[in-house]
2 protein chains.
Amino acid sequence: MSSSLSRVTIKQVASEAGVSTQTVSRVINGRPDVAPETRERVQDVIQRMRYQPSALARSLIQQRSYTLGVVTAGLKHTGPSRALNGIAETAEQAGYALLLKELPRFDTEDVLPIFNALVSRHVDGVIWAVPEVGENRRPFGSLPVQLDVPMVFITMEAREGLASVSIDNYEGGQLATRHLIEQGYRHIGHITGPLDWWEARQRMAAWRDTLKAHGLVAADHHWAEGDWSSASGARAAEQLFARYPEMDAVFVANDQMALSVLGASCQRGPRVPEELGVVGFDDIAESAFFSPPLTTIQQDQYNLARITVQEITRLIESQRHGVEGFRLKSIVLSPRLVMRESSRGPEDHKKGGAPASG
Amino acid sequence: MSSSLSRVTIKQVASEAGVSTQTVSRVINGRPDVAPETRERVQDVIQRMRYQPSALARSLIQQRSYTLGVVTAGLKHTGPSRALNGIAETAEQAGYALLLKELPRFDTEDVLPIFNALVSRHVDGVIWAVPEVGENRRPFGSLPVQLDVPMVFITMEAREGLASVSIDNYEGGQLATRHLIEQGYRHIGHITGPLDWWEARQRMAAWRDTLKAHGLVAADHHWAEGDWSSASGARAAEQLFARYPEMDAVFVANDQMALSVLGASCQRGPRVPEELGVVGFDDIAESAFFSPPLTTIQQDQYNLARITVQEITRLIESQRHGVEGFRLKSIVLSPRLVMRESSRGPEDHKKGGAPASG
DNA sequence: CTGAAAGCGCTAACAC
DNA sequence: GTGTTAGCGCTTTCAG
């Protein structure tokens, strides 16, 4: 193992090729003002010595790193990892490298160290891909984080002065609830996500509002709180069955929790969808293969990621060009309903309609 | 918005505090040789100006970035995202930032650009967290990638001269197959992963060998190939039911595919586990809530990530201290069986045993 | 205890 | 076309 700990520098290349470092710099940057034969000679040396320019040195002098900071939390969860997936692919295409930081908990409020770690590495922009939980957006209100690095948030309530890209969870909740109503269900319960999550609260509010708008009841014993896990879904379902016996459908705030509701139906409990309509949220890969296949609300995390990267690059360019008046937009994307077997209710049977396949 | 595009430099702090940059440097690095009152004055200025040292400049001069390059592929899949999750957490604790690159495809062989992007940013080490698929390890054999950056691979066949940390997929396949045999099943089929994946081949080889070692048959029409997706699992299951009617159990190479085998049983098809024993692989979060709950092989991706980071830091230190003789180890971890309902076979009933819960 | 000088690897701005 | 000078923000070395 040849431990050539030191990297090949532009200086070495220059002296080997018998030119100045300037000329080498011109060659590696594809500048036109180099004599063809000089260029060729330099390129030969570069190849031979396996010279690789230092992005670090470049970043330092150009005040630009072509690196984006990405902050996530709970990467093992579906949402965050799908979002990161999209960000990684899109950023790559846009010519950016990614500096990744993971928060220890979703509701971490002590974000300054994280932020500084990114800023000290001269990231050109930051994507804050942590869902809004508890008070974890507070640090961005005014005080602590104040550095002038372009920043875009994913998944949060729109706020003046902060750029964000979110999926409309309220609309998703409406879609789900309205769909169950249209399918002929009349006693619709709800299993929520953890209510310190903004997304969970949005979905729940939509459930409540939609029922009321249709003259149906959304009482306090018609919902139960889960924590996104299948286990919590099973517990919540049991609670609901006990306190809301008339329940003939349930809107579950994510697919993993919905799975346990279906699971119950397969062996014991009410049959889905005849006795119990079920709609989930997320459209995870497995949902189409649950028994019965799960109707759910699809979030296009990939598109969300794409738009986020687009926004951050836009902000970066604006800042570079000294544009002062750019607006910090809050972009909101619409989810869509994917109908499968689990919500094929009385109304649908009457009409003899067949479910669409996702 | 105050567009202070330029960052606060050590020079500015120095002049503001009326000392040399040297002294400021000593303060921020916690060196002892600074007069208490000087230190305090400097620290005040640092706070007031919100000075943040540039990690970039430091990396340049110290020839060390405290940054690890991580290469992944298919982040939307369970395995890769769980591994990344573990790497992120462990690296953070070890004081490293992460530079993330995602390959466009699992079997990408053109890895030099990726590698160079990392090296040019002076990463101290690289974790290659891409599963071994097709010939995607070829570039590391000898030629293209030759730079002296410590590197650890995840999930691959042990190779001389490369450091790796893997889970023993062959052992996992043995555990699964042997378990089904012990449960009294005698006609055990197999749904494989895509066979250009090393892991899939390992699991399959173990299935075949274990059956033979027990005097059972592993014929060519006793297995079918999937692509890890639930949809492919459903297709493979149908094929197997058709060509291997006596089949009374099946070892499925991952949980997502196993899900569709269970799904079939819930509504139509053989009942699990009475008529068909099923064992999966991975132990995804949902498995315990399938109907019936799925027996599966658990890979401790988190531990794997932990050990990987440990190895890479070990290599980095060795290289720094000029240790030449360090061995590049191939570390192999054992998976474990998590028994649930789906494999509670004839033998188990005879003994009246209850399944353990995962 | 503190400061001055040199330089990490590169590029911008100017000479020639 | 090409080289020289300066400097990005910091630390190392060596004076004092």
Side-chain angles (χ1 to χ4, degrees), chain A residues 4-43 45-46 49-67 116 119-124 147 320, chain B residues 4-43 45-46 49-67 116 119-124 147 320:
Chain A
S4 74
L5 245 168
S6 56
R7 64 171 52 228
V8 180
T9 74
I10 198 172
K11 214 190 228 166
Q12 294 171 277
V13 173
S15 89
E16 182 76 14
V19 295
S20 74
T21 61
Q22 215 28 248
T23 303
V24 178
S25 173
R26 282 177 186 120
V27 170
I28 60 185
N29 288 296
R31 299 282 165 69
D33 50 352
V34 181
E37 61 171 280
T38 312
R39 159 167 285 128
E40 199 164 338
R41 185 154 37 96
V42 171
Q43 267 163 346
V45 176
I46 287 175
M49 302 181 79
R50 291 167 186 265
Y51 167 67
Q52 186 67 31
S54 160
L56 237 54
R58 272 181 177 160
S59 302
L60 201 54
I61 194 162
Q62 298 187 149
Q63 303 285 44
R64 163 152 214 175
S65 64
Y66 287 98
T67 303
N116 286 339
V119 168
S120 80
R121 284 181 167 85
H122 296 223
V123 294
D124 295 336
L147 257 157
R320 300 229 131 233
Chain B
S4 74
L5 245 169
S6 57
R7 63 170 55 227
V8 180
T9 73
I10 198 173
K11 215 190 229 163
Q12 295 172 275
V13 173
S15 87
E16 182 77 14
V19 295
S20 73
T21 61
Q22 227 25 254
T23 304
V24 178
S25 174
R26 283 179 186 117
V27 171
I28 60 186
N29 289 297
R31 298 282 164 69
D33 49 354
V34 182
E37 59 171 283
T38 310
R39 158 167 286 130
E40 199 164 338
R41 184 154 39 94
V42 171
Q43 267 163 345
V45 176
I46 287 177
M49 303 182 77
R50 292 167 183 265
Y51 167 67
Q52 186 66 32
S54 160
L56 236 56
R58 273 183 176 158
S59 302
L60 200 55
I61 196 162
Q62 297 186 150
Q63 302 285 44
R64 162 152 217 180
S65 64
Y66 287 98
T67 303
N116 286 340
V119 169
S120 81
R121 284 181 166 84
H122 296 225
V123 295
D124 294 337
L147 258 157
R320 299 226 134 236

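If you're wondering where the values come from, they're calculated on a predicted model, not measured in any experiment. Reminder, nothing fancy here: chain letters follow the sequence lines and each chain counts from 1.
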Pairing residues for [X] by the side chain to side chain contact (heavy atoms under 4.5 Å, CB included) criterion, not counting sequence neighbours:
X       : value
A/Ser25 : A/Ile10, A/Gln22, A/Asn29
A/Ser15 : none
A/Thr67 : A/Ser65, A/Ala97, A/Leu99, A/Val123, B/Leu99, B/Arg121

Per-nucleotide protein contact string for nucleotides 10-16 of chain D (B base, S sugar-phosphate only, - none; heavy atom under 4.0 Å): BBB----

A/Val45 side chain reached by A/Gln12 side chain, heavy atoms, under 4.5 Å: no

First of B/His122 and B/Val19 reached from the 5' end of DNA chain C, by closest nucleotide: B/Val19

Intra- and inter-strand pairs of DNA chain C in dot-bracket (Watson-Crick or G-U wobble, both distances under 3.5 Å; | for another strand): ||||||||||||||||

Pairs under 3.5 angstrom only: tabulate donor-acceptor contacts from the side chains of residues 30-41 of chain B to other protein residues two or more places apart or in another chain.
residue	atom	partner	partner atom	Å
B/Arg39	NH2	B/Arg31	O	2.4
B/Arg41	NH1	B/Ala17	O	2.4

Rounded interatomic separation in angstrom, taking CZ from B/Arg39 and C1' from C/dT2: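 The distance from CZ of B/Arg39 to C1' of C/dT2 comes to 13 Å, rounded to the nearest Å.
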
Nearest-angstrom distance from the residue atom CG of A/Leu60 to P of C/dT11: 12 Å

Contacts of B/Tyr51 that satisfy ring pair (Phe, Tyr, Trp, His ring centres under 6.0 Å) - sequence neighbours left out: none

N/O (side chain, B/Ser59) to phosphate O (OP1/OP2, C/dC8) under 4.0 Å: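 No, because none of the side-chain N or O atoms of B/Ser59 sits under 4.0 Å from OP1 or OP2 of C/dC8.
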
Of all pairs that satisfy salt bridge (charged side-chain N to carboxylate O under 4.0 Å, His left out), the ones with a partner from residues 57-67 of chain B, not counting sequence neighbours: B/Arg64-B/Asp124, B/Arg64-B/Glu317

For B/Ser120, side chain to side chain donor-acceptor pair (under 3.5 Å) partners two or more places apart: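 B/Ser120 satisfies side chain to side chain donor-acceptor pair (under 3.5 Å) with no residue once adjacent residues are dropped.
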
